[in-house]
Amino acid sequence: MPLRWKIAPLEQMVVCVSEGAVTKDELMAYFKALEEAGAAHYRKLLDASRAECGLSAEEIAELGACAKSLKWSGTPGPMAIFTGSTGNDAFLRSVSGMLRPGRRLRTFTTIHQARRWLERAPPGRAS
């Protein structure tokens with residue numbers, strides 16, 4: 001499975017790793033898991049250093065509409081995306097299109113930078 005995640009309620013953190021081409025169904029399962037766990041306001045770390053964007057523009061738009069329409073209350077938590085040295089621009093564009101406007105999002109070339117930023121960033125607000 002190219003997309004896997006761990007939701008840690010005590011730390012209010014979600015760590016997600018993407019390897020290879022991620023499918024629409026995998027992303028839908030991820031959104032559902034966040035919703036069921038009440039983790040929308042948690043800090044999120046996405047390791048996209050080995051991710052590939054295999055989604056069509058239509059799928060990205062559909063996922064973005066779905067993610068923005070979820071019944072998450074409060075404010076979303078900050079998201080750090082670790083891209084590695086390549087930057088992984090295509091994958092970043094697809095992820096950015098799925099986020100709510102005003103979302104705290106930063107990209108990093110090292111996992112250590114991403115973790116340091118997330119440790120200092122407050123989580124979002126639960127309702």
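Everything numeric here is computed off the predicted structure, so don't read it as measured data.
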Does a side-chain heavy-atom distance below 4.5 Å link [X] with [Y]?
| X | Y | answer |
| --- | --- | --- |
| F82 | S49 | yes |
| L3 | V17 | no |
| R106 | I81 | no |
| W117 | P78 | yes |

Do NZ/NE/NH1/NH2 and the carboxylate oxygens of R115 and E119 come within less than 4.0 Å?
no
Answer yes or no: is there a donor N or O on one side and an acceptor on the other, between the side chain of [X] and the main chain of [Y], under 3.5 Å?
| X | Y | value |
| --- | --- | --- |
| T83 | F108 | yes |
| E26 | T23 | yes |
| R104 | G77 | no |
| E59 | S56 | yes |
| R43 | L118 | yes |

Distance in Å, L46 CG paired with L105 CG, rounded so as to fall on 0.5 Å steps
9.5 Å
How long is the gap from CD1 on I7 to CD on E36, to the nearest 0.5 Å?
9.0 Å
Minimum heavy-atom distance A21-P2, with the two atoms named:
O-CG, 3.3 Å
side-chain contact (heavy atoms from CB on, under 4.5 Å) evaluation trace for L27 with K24
CA-CA 5 Å; L27 286 166; K24 182 176 104 175; 5.9 Å; no
Plane angle bin for W5 and Y30 - parallel if under 30°, tilted between 30 and 60°, otherwise perpendicular
perpendicular
Please walk me through it: do L63 and L55 pass side-chain contact (heavy atoms from CB on, under 4.5 Å)?
CA-CA 10 Å; L63 284 162; L55 300 170; 3.8 Å; yes
Stepwise, does the side-chain contact (heavy atoms from CB on, under 4.5 Å) test hold for E19 with R4?
CA-CA 9 Å; E19 295 177 333; R4 62 185 191 281; 3.4 Å; yes
E11: partners by side chain to side chain contact (heavy atoms under 4.5 Å, CB included), with sequence neighbours left out
A8, M13
In sequence, state the C-alpha distance, the side-chain angles, and the governing distance for V14 and M79, and then conclude on side-chain contact (heavy atoms from CB on, under 4.5 Å).
CA-CA 9 Å; V14 177; M79 177 181 250; over 6 Å; no
